[in-house]
Protein chains: 2
Amino acid sequence: MKRKPSTEATGAWIRLMRVQSRVLAAVEQDLKKAGFPPLAWYDALLELSRAPSGELRPVELERQMLIPQYSTSRLIDRLVDEGLAVRRECKIDKRGQFIEITEAGRDLQKRMWAAYSAAIEKHIGSKLSDVDAAKLCALLDRLGCSCSQAQQLSAGEGASAR
Amino acid sequence: MKRKPSTEATGAWIRLMRVQSRVLAAVEQDLKKAGFPPLAWYDALLELSRAPSGELRPVELERQMLIPQYSTSRLIDRLVDEGLAVRRECKIDKRGQFIEITEAGRDLQKRMWAAYSAAIEKHIGSKLSDVDAAKLCALLDRLGCSCSQAQQLSAGEGASAR
DNA sequence: GACTATTCCATGCATCTGCATTTAATTCCG
DNA sequence: CGGAATTAAATGCAGATGCATGGAATAGTC
């Protein structure tokens with residue numbers, strides 16, 4: 001129960017931390033330089049745009065994005081402030097609400113995807129063959145336990161987690 | 001130059017973000033529950049303890065840990081406040097200083113490694129064979145470009161990046 | 001030597017985050 | 001029904017972070 005990790009396991013840990021940090025920073029940097037907001041905004045807009053009628057309960061969003069409740073609440077504040085989403089009251093449960101993406105929100109999501117996908121290609125795609133990327137996915141899935149849920153790609157997307 | 005990433009590359013991106021986030025949170029959580037400070041403290045203490053005479057320039061620390069300058073500065077503040085390190089003036093360059101780890105610092109580093117290594121084993125080692133962990137390392141190295149520098153393990157360690 | 005550029009580190013300020021708590025509405029259950 | 005427990009969302013506050021700037025010392029240039 002208290003076995004020490006092997007050199008390989010420790011190495012994997014270090015690299016997982018370092019590489020993620022580097023790649024994330026690089027991608028965020030690219031987005032920022034293109035004048036876009038943080039990735040978290042993209043993720044939220046994507047989830048909203050994928051939802052049946054372009055709206056979700058904050059709780060749903062929270063579950064999709066794996067971020068704490070208060071974080072979701074404040075992210076929504078910002079999206080609403082920028083006119084990317086609107087709050088709608090929820091008639092069936094007056095505690096709650098619906099968050100609906102606006103046209104401006106959909107538009108931003110699409111424009112961000114152009115820069116975002118280019119960044120992914122630049123920092124991941126160009127460095128790994130598809131076969132190796134798939135191997136990497138498989139190995140990571142063994143650690144993640146459950147990030148493999150859905151997350152299929154249809155028109156243009158990508159998600160993060162933070 | 002503007003090619004879209006493959007499904008595999010996008011999948012790898014998503015998993016890299018999600019899995020890292022989960023695993024990091026889990027490990028930090030374990031450390032926290034054991035009553036220890038954040039991982040960044042460990043990393044700094046480790047770097048200091050490894051240094052020839054237990055002291056480093058803030059700039060060195062910054063380079064080792066891959067964190068911004070102001071962040072290093074404040075991390076040092078905290079270590080000093082807690083008596084884990086002391087600032088020493090640098091006679092050869094009066095702009096600078098040396099940060100020296102104290103006995104309390106060395107002690108904390110060692111105690112943290114016990115919990116830290118157990119967490120690595122729990123969240124990585126136990127989920128991946130050594131062979132697979134090595135494969136994961138190799139794939140991640142292709143993305144990271146340069147985290148493979150040194151980082152050998154001698155007595156007990158591990159590093160992160162944030 | 002005088003002047004400029006660069007390096008090292010700290011810090012003010014605005015924003016962001018985590019944590020705990022609050023308010024309000026809903027559900028559970030005897 | 002009526003009160004306890006649960007759930008949805010917001011928020012006050014302390015601490016952390018990013019960014020830009022400041023001051024001090026050194027290095028480079030002519």
Side-chain angles (χ1 to χ4, degrees), chain A residues 21-22 24-33 35-44 47-48 55-82 85-100 160-162, chain B residues 21 24-29 31-33 35-44 47-48 55-82 85-100 160-162:
Chain A
S21 158
R22 300 254 189 121
L24 174 60
V27 171
E28 287 262 30
Q29 190 61 26
D30 284 1
L31 273 262
K32 189 171 195 175
K33 273 195 290 204
F36 290 117
L39 266 180
W41 291 36
Y42 176 83
D43 291 338
E47 292 303 333
L48 290 173
E55 59 185 13
L56 282 178
R57 301 283 298 265
V59 207
E60 318 273 5
L61 202 52
E62 183 186 330
R63 274 193 277 269
Q64 289 294 325
M65 308 219 312
L66 308 172
I67 57 180
Q69 179 268 320
Y70 55 80
S71 189
T72 313
S73 177
R74 295 200 259 235
L75 175 55
I76 292 171
D77 281 348
R78 287 166 216 152
L79 295 181
V80 170
D81 283 349
E82 298 294 329
V86 290
R87 289 178 206 273
R88 301 220 168 286
E89 84 165 305
C90 173
K91 314 214 186 256
I92 59 179
D93 183 346
K94 288 199 185 139
R95 289 169 302 188
Q97 53 184 297
F98 279 106
I99 308 303
E100 185 181 0
S160 66
R162 77 160 29 222
Chain B
S21 158
L24 174 60
V27 170
E28 288 260 29
Q29 190 61 25
L31 274 262
K32 190 171 193 173
K33 274 195 291 206
F36 290 118
L39 266 181
W41 291 37
Y42 177 84
D43 291 340
E47 292 302 334
L48 289 173
E55 58 184 15
L56 281 178
R57 299 284 299 263
V59 208
E60 319 273 3
L61 203 51
E62 182 186 328
R63 273 192 278 268
Q64 289 295 324
M65 309 217 314
L66 306 172
I67 58 179
Q69 179 269 319
Y70 55 81
S71 189
T72 312
S73 177
R74 294 200 262 233
L75 175 56
I76 292 171
D77 281 348
R78 286 167 218 151
L79 296 181
V80 170
D81 284 348
E82 298 294 327
V86 291
R87 290 180 205 271
R88 301 215 169 289
E89 84 165 306
C90 174
K91 315 218 185 252
I92 58 176
D93 182 346
K94 289 199 184 139
R95 288 169 303 188
Q97 54 186 288
F98 279 106
I99 309 301
E100 185 181 359
S160 68
R162 71 164 29 227

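Model, not experiment: these values are computed from the prediction. All chains are named by letter (A, B, ...) in the order of the sequence lines, taking the proteins before the strands, and each is independently numbered beginning at 1.
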- request: Would you please confirm or rule out a distance under 4.0 Å between OP1 or OP2 of D:dA10 and any side-chain N or O of A:Tyr70?
  value: no
- prompt: Is there a side-chain polar atom (N or O) of B:Lys91 under 4.0 Å from OP1 or OP2 of D:dA25?
  reply: no
[N] [atom2] sits how many Å from [X] [atom1], rounded?
X: A:Leu66; N: C:dT17; atom1: CG; atom2: P; value: 15 Å
X: A:Asp77; N: C:dT15; atom1: CG; atom2: P; value: 14 Å
X: A:Lys33; N: D:dG18; atom1: NZ; atom2: P; value: 17 Å
X: B:Ile67; N: C:dA10; atom1: CD1; atom2: P; value: 13 Å
X: B:Arg88; N: C:dC9; atom1: CZ; atom2: P; value: 16 Å
X: A:Asp81; N: C:dC16; atom1: CG; atom2: C1'; value: 15 Å
X: A:Glu89; N: C:dT26; atom1: CD; atom2: C1'; value: 16 Å
X: B:Glu28; N: C:dG18; atom1: CD; atom2: P; value: 11 Å

Atom [atom1] in [X], atom [atom2] in [Y]: separation rounded to 0.5 Å?
X: A:Glu60; Y: A:Leu48; atom1: CD; atom2: CG; value: 10.5 Å
X: A:Arg63; Y: A:Leu56; atom1: CZ; atom2: CG; value: 10.5 Å
X: A:Leu61; Y: A:Ser73; atom1: CG; atom2: OG; value: 11.0 Å
X: A:Trp41; Y: A:Asp43; atom1: CH2; atom2: CG; value: 13.0 Å

- request: Give the minimum heavy-atom separation between B:Pro37 and B:Leu31, together with the two atoms involved.
  value: O-CD1, 4.5 Å
message: Check for me whether A:Arg57 meets the cation-pi criterion with A:Phe98, that is, NZ or CZ under 6.0 Å from the six-membered ring centre and within 45 degrees of the ring axis.
response: yes
field: 5' precedence on DNA chain C between A:Arg78 and A:Lys94 (nearest-nucleotide basis)
entry: A:Arg78
message: Against A:Arg87, only a single residue in A:Gln97, A:Glu55, A:Glu100 fulfils side-chain contact (heavy atoms from CB on, under 4.5 Å); can you say which?
response: A:Gln97
message: Under 3.5 Å, is there any donor-acceptor pair linking the side chain of A:Arg74 to the base of C:dG18?
response: yes
task: Could you please name the option among C:dG18, D:dA25, D:dT17 that lies closest to any side-chain atom of B:Lys32?
output: C:dG18
- prompt: Using a cut-off of 4.0 Å between protein heavy atoms and nucleotide atoms, how would you tag nucleotides 2-9 of chain D 5' to 3' with B, S and -?
  reply: -----BSB
